[in-house]
Amino acid sequence: MTSAIETGLLPGTSEFRPEGLAVGGVLLTELARRFGTPLFVYDEEHLRRRCQEAVAAFGRDNVAYASKAFLCTAMARLAHEEGLLLDVASGGELRVALHAGVPAGRIVLHGNNKDEAELRTAMSARVRHVVVDSFDEMDRIERLYAEEHLPPARVQLRVAPGVAAGAHEAIRTGGNDSKFGFGLAGGTATAAVRRAAGSSAVILEGVHAHVGSQVLDTAELAAGAAAVARFAVGTRMQRLTVGGGLGVAYEAGQTPPSFAEWAARVRGAVRDAGWGFPVTVEPGRSIAARAGLTLYRVGTIKRIEGVRTYIGVDGGMSDNLRPALYGSRYEVFLPRSPRALRPMRARLVGKHCESGDVIVDEAALPADIAVGDLLATPVTGAYGYAMASNYNKLPRPAVVFVRDGRARTVVRRETEEDLLRLDVDEPAALLAPESGRSGAGAAQYVGTA
């Protein structure tokens, strides 16, 4: 591919200016100068439009933003302001949503192995509902209800419908062989409904399923919805959640379905299955992915004659794990010349001590790329910052929102001082075995004097 970057991969407010690409009315080169690199840049208007499109397609109380795709206080607040519920998958995500001012009654708690602390917080706060994933989790809810006198938990039961979809095996979740949910096969889901319906600790509200992620064919999502709807009809419940999974375009030539197309296909499938009530969905990637891009600075260009060219940037798998994890593919462009042809081929790599630290295996780039250039990978708004790590003790990048010519930091850049924040630099305490348990986070040894 030698063509310029496709506009369909760029955030919605992107503008081609003589000085380069601007998003939200701000030049990307100016953002890099002000905030440094690597840098996550989000088009706030794009995020809001995607939320609005999802609500228009499914209804205000029928869309929950899957916050695992990208979450910070500002993002939680934005999704809530646009009428979305918040779908959180851990106690930490729940904490962020509550801190952002999202009412507990607009929050849904997911997770395949929720511990007592997470369930305690959810039940005490009275979240909208808990998506229960196992009998062990029901045991915990009943124990908290009986022993700590917490209010009963509103619950949806997650089922594995036997339909798996998605671009990679690791993100297919709805099959029979899955860590998620009660299987329809063998009657496990039916037994879970019976158990929950008979428990005073549980208010059973509905059924939930999710078949996979990065799905570009709505027929796959419809098949999963139909399978769980057929089961739900038999339970006499009136709430059905069919998860998220709608894919996005990461490369030229890909055409993702719209929210309206997804809604029409799912509604038709559940109606044919006998379901006559509203359906809730949980989009995450399809809200956040295209809204965000990552800026890097080129540090090295290594040409190996007869082999390939390597271009090294100042980030890598610590800010985008998806290529190493799923073999995900991206495109690249230079913000100073976004319309430039890209005849050069190179392997775009990060700065980590791993040969697998590859951002784009066969990147198409302008021939005049040079050390010091600013480089951008689009469609990184989902599962980029969310999966970021401190591997090799790299501080995580900052996140900025841009809108109407202004930029604001919503997550500050970590510093090297932050990397030491959790270290305990104290003399070791020598404890006899009978002296008690070691303190959380303390540098302690157990032994004899």
Side-chain angles (χ1 to χ4, degrees), residues 50-67 79-88 97 102-110 126-133 153-161 163 165 173-174 181-182 184 189 192-193 196-197 202-213 215 218-246 257-287:
R50 291 300 282 170
C51 291
Q52 293 160 11
E53 290 167 8
V55 169
F58 288 97
R60 186 178 188 275
D61 289 330
N62 299 320
V63 183
Y65 171 61
S67 60
H80 174 60
E81 289 170 355
E82 297 299 337
L84 275 63
L85 308 173
L86 263 291
D87 157 16
V88 300
V102 180
R106 303 289 294 173
I107 300 172
V108 176
L109 177 63
H110 273 272
R126 298 178 187 266
V127 299
R128 188 180 189 89
H129 61 257
V130 176
V131 180
V132 169
D133 205 275
R154 295 186 177 276
V155 159
Q156 287 192 8
L157 298 178
R158 179 163 181 170
V159 303
V163 177
T173 59
F182 300 96
L184 292 185
V193 171
V202 166
I203 300 171
L204 184 56
E205 294 196 337
V207 179
H208 177 283
H210 176 71
V211 297
S213 297
V215 182
T218 55
E220 296 182 65
L221 295 173
V228 72
R230 284 191 290 270
F231 173 76
V233 167
T235 68
R236 300 183 181 276
M237 285 184 276
Q238 297 182 5
R239 295 185 184 275
L240 175 65
T241 301
V242 297
L246 188 68
S258 67
F259 284 127
E261 291 168 334
W262 181 24
R265 196 68 180 260
V266 165
R267 285 200 186 101
V270 300
R271 183 177 59 247
D272 291 346
W275 184 258
F277 302 100
V279 174
T280 298
V281 294
E282 298 166 338
R285 183 195 315 269
S286 51
I287 297 285

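Heavy atoms only: backbone and side chains are in, while hydrogens, waters and symmetry mates are out.
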_I need the His129 NE2 to Leu157 CG distance, nearest 0.5 Å._
10.5 Å
*Any chance CZ of Arg267 has more than 12 other-residue heavy atoms, nucleotides or ligands included, within less than 6.0 Å?*
yes
*Considering non-hydrogen atoms only, spot the tightest contact between Val159 and Ala189 and give its length.*
CG1-CB, 3.8 Å
*Thr241 pairs by side-chain contact (heavy atoms from CB on, under 4.5 Å) with which of His210, Gln156, Arg158?*
Gln156
*Can you name the nearest heavy-atom pair linking Val63 to Thr280, along with the distance?*
N-CG2, 4.4 Å
*With Ala153, which residues qualify under side chain to side chain contact (heavy atoms under 4.5 Å, CB included), at least two apart?*
Met123, Ile141, Val155
*Can you find a pair of side-chain heavy atoms, one from Val207 and one from Met237, that are under 4.5 Å apart?*
yes
_Heavy-atom closest contact (Trp275 atom, Ala232 atom, distance)_ = CZ3-CB, 3.6 Å
*asked:* Test of understanding: with salt bridge (Lys or Arg N to Asp or Glu O under 4.0 Å), list the residues that count as partners of Arg154, not counting sequence neighbours.
replied: Glu205
*Report the residues that fulfil side chain to side chain contact (heavy atoms under 4.5 Å, CB included) with Glu81, sequence neighbours left out, ordered by chain and then residue number.*
Arg48, Arg77
*What pair of heavy atoms forms the shortest contact from Val211 to Gly224, and how long is it?*
CG1-CA, 3.6 Å
*Would you list the pairs meeting salt bridge (charged side-chain N to carboxylate O under 4.0 Å, His left out) in which at least one residue belongs to residues 51-65, sequence neighbours left out?*
Arg50-Glu53, Asp61-Arg106
*Using the test side chain to side chain contact (heavy atoms under 4.5 Å, CB included), find all partners of Ala66 that sit at least two apart in sequence or belong to another chain.*
Asp87
*Considering all heavy atoms, the nearest Pro161-Leu184 contact*: CA-CD1, 3.6 Å
*What distance do Glu220 atom CD and Leu246 atom CG have between them, rounded to the nearest 0.5 Å?*
11.5 Å
*Within-4.5 Å side-chain heavy-atom neighbours: Val132 and Phe182*: yes
*If you round to the nearest 0.5 Å, how far is CG of Leu84 from SG of Cys51?*
4.5 Å
_ring pair (Phe, Tyr, Trp, His ring centres under 6.0 Å) between His110 and His208, worked out_ = CA-CA 10 Å; His110 273 272; His208 177 283; 4.6 Å; yes
*If we only count heavy atoms from C-beta on, is the Pro103 to His80 side-chain gap below 4.5 Å?*
yes
*Approximate separation, where rounding is to 0.5 Å, of Leu86 CG and Arg128 CZ*: 11.5 Å
*Mind checking side chain to side chain contact (heavy atoms under 4.5 Å, CB included) for Ala269 and listing every partner two or more places apart, or none if nothing turns up?*
Ala222, Ala226
_If you compare all heavy atoms of Phe259 against all heavy atoms of Phe58, which two are closest, and at what distance to 0.1 Å?_
O-CE1, 3.9 Å
*Taking the side chain as every heavy atom from C-beta outward, state whether Val242 and Val281 have any atom pair closer than 4.5 Å.*
yes
